[in-house]
Amino acid sequence: MKLLEGKTAIITGASRGIGRGIAEVFAAHGANIAFSYSSSAKAAKELEEKLSAQGVKVKGYQSDASNFAQSQEFVDAVVAEFGGVDILVNNAGITKDNLLMRISEEDFDKVIEVNLKSVFNMTKAVQRFMLKQRKGSIINMSSVVGVKGNAGQSNYAASKAGIIGFTKSIALELGSRNIRCNAIAPGFIETEMTAVLDEKVVQSWRDSIPLKRGGQPEDVANACVFLASDMSAYITGQVLNVDGGMLT
C-alpha cells in the first residue's frame, strides 16, 4: 500500500544522509518529490534519476534553506512545477561542535541559522499554499540532543530544542486549518558522516542504546511517512523520538 500516493513533498537537504533516506522511502510510497541541496549537484542528479525510475516526479533544486528569499523562491518554483505542496520535511542541518569556552560566535550563529531559521523560512513559505488548500503536514527534524542536551553541542542543542518549541507553536496556530506540524527527534543514526568515526567509539554508542544498534536513515524515514500520511490525521504538535530507546 502506497501511503503517499499523489502527494507532493518538499524535503530540504536531501542529497545525502537522513534526507536522502526520507526521499527514497517517500518515493517508494508514491510521493512526488521536490528536494533542495546546498552544493552536491552530482549527488542530487543521481538521486533525481534513481527516484524518477520509480514512476514519481522528482526534481532537485539548489537552494539555501537558511536564506529567507531563496526559501520563498524555492517553494514558489515547486508549486509552479508540481501544482502544489502537501508535505514539508525540514531536514537541512549542520553541526559545528565545540565546548562553550572554545566555540566562536560565528559557529554559534551559523548553526542556529542553518538548523533553526531554515525551519521558519520554509514553513512560512509553504503555509500560504497549505492555508489555501486547508491541509498539509509539516515535519521538522529535531534531535535527542535538543531534548536532553549534550556537552560540546550547545549551538546544535539550542537549535534543535528551538525546533521543538517552534513545532508546538505552529501546531497551535495552524491546527484549525487542518495543517499538522510535528517533530522527529532521531538518536544515533548511522550515515556517511558517522562512517568516518572510530569503530570502537561507534560500537560503544551502539552498546549504550537499549536496542543495541544505531538507527538507519530508513528508520527515521518510516516515521516521516507515518506523520506525512493520513494515518496520523489526528496527530499534531508532537515530538516522536526515533532513538532505539536512548531517552527511555
Side-chain angles (χ1 to χ4, degrees), residues 12-22 38-39 64-66 89-123 139-170 181-224 227 237-248:
T12 62
S15 59
R16 59 195 176 90
I18 290 173
R20 186 184 174 96
I22 295 167
S38 55
S39 56
D64 178 3
S66 72
V89 182
N90 281 310
N91 169 74
I94 59 167
T95 57
K96 287 184 180 289
D97 299 349
N98 224 327
L99 295 173
L100 181 61
M101 64 175 69
R102 297 201 190 103
I103 201 166
S104 67
E105 181 185 14
E106 186 187 0
D107 281 357
F108 190 91
D109 289 349
K110 190 66 183 169
V111 167
I112 296 292
E113 191 178 74
V114 174
N115 295 5
L116 180 57
K117 185 161 185 282
S118 65
V119 176
F120 161 77
N121 292 343
M122 291 298 298
T123 304
I139 302 164
N140 298 325
M141 207 56 61
S142 182
S143 167
V144 293
V145 173
V147 179
K148 75 178 187 69
N150 196 28
Q153 287 196 303
S154 58
N155 51 359
Y156 186 76
S159 70
K160 294 299 186 177
I163 285 171
I164 291 172
F166 182 85
T167 298
K168 290 177 178 288
S169 300
I170 299 309
C181 187
N182 293 286
I184 288 179
F188 175 56
I189 307 298
E190 299 192 23
T191 64
E192 55 264 50
M193 281 170 77
T194 61
V196 299
L197 300 172
D198 182 86
E199 180 58 26
K200 282 182 186 167
V201 173
V202 172
Q203 191 55 50
S204 73
W205 288 345
R206 292 186 191 116
D207 293 341
S208 70
I209 296 166
L211 287 182
K212 301 299 175 197
R213 68 173 179 90
Q216 298 301 313
E218 54 266 35
D219 292 318
V220 178
N222 288 334
C224 285
L227 291 176
Q238 302 306 303
V239 182
L240 178 56
N241 299 332
V242 181
D243 64 3
M246 231 172 160
L247 290 185
T248 303

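All residue numbers refer to positions in the sequence shown, counting from 1.
- Asn155 places a side-chain N or O within 3.5 Å of a backbone atom of Lys96 that can act as its donor or acceptor partner.
- Across every non-hydrogen atom of Gln153 and Thr95, the tightest pair is NE2-CG2, 4.3 Å.
- Side-chain atoms of Lys117 do not come within 3.5 Å of backbone N or O of Ala65 as any donor-acceptor pair.
- For the atom pair CG (Leu227) and CD1 (Ile184), the distance works out to 5.0 Å, reported to the nearest 0.5 Å.
- When every heavy atom of Ser142 is checked against every heavy atom of Lys160, the shortest pair comes out as OG-O, 2.8 Å.
- Rounded to the nearest 0.5 angstrom, Asn90 CG and Ile163 CD1 are separated by 7.5 Å.
- Closest approach of Cys224 and Ile139 over heavy atoms only: O-CD1, 3.4 Å.
- Applying the salt bridge (charged side-chain N to carboxylate O under 4.0 Å, His left out) test to every pair with at least one member in residues 97-109, sequence neighbours left out, gives no pairs at all.
- Of all non-hydrogen atoms in Ser66 and Val114, the two that sit nearest each other are CB-CA, 3.8 Å.
- With rounding to the nearest 0.5 angstrom, the CD1 atom of Ile22 is 10.5 Å from the CG atom of Asn222.
- Remark: side-chain polar atoms of Thr167 are not paired, donor with acceptor, to backbone N or O of Cys181 under 3.5 angstrom.
- Using a 4.5 Å cut-off on side-chain heavy atoms (C-beta onward), Val239 and Asn241 make contact.
- Inter-residue side-chain proximity for Thr191 and Arg16 is flagged as unmet; no heavy-atom pair is nearer than 4.5 Å.
- The backbone N or O of Asn91 sits less than 3.5 Å from a side-chain atom of Thr12, completing a donor-acceptor pair.
- Checked by atom type and distance alone, the side chain of Asp243 never pairs as donor or acceptor with a backbone atom of Pro186 at under 3.5 Å.
- When every heavy atom of Leu116 is checked against every heavy atom of Gly162, the shortest pair comes out as CD1-C, 3.6 Å.
- Among all heavy-atom pairs drawn from Ser154 and Ile103, the shortest one is OG-CD1, 4.4 Å.
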Sequence neighbours left out, cut at 3.5 Å: what donor-acceptor pairs do the side chains of residues 202-221 make with other protein atoms?
unit_1, atom_1, unit_2, atom_2, d
Gln203, OE1, Arg206, NH1, 2.7
Gln203, NE2, Asp207, OD1, 3.0
Ser204, OG, Val201, O, 2.7
Arg206, NE, Glu190, OE2, 2.7
Arg206, NH1, Glu199, OE2, 2.9
Arg206, NH2, Glu190, OE1, 3.2
Arg206, NH2, Glu190, OE2, 3.4
Ser208, OG, Trp205, O, 2.7
Lys212, NZ, Asp207, O, 2.5
Arg213, NH1, Asp219, OD2, 3.1
Asp219, OD2, Gln216, N, 2.8

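- Under the 3.5 Å distance criterion, the side-chain polar atoms of Asn115 are matched with a main-chain donor or acceptor of Ile94.
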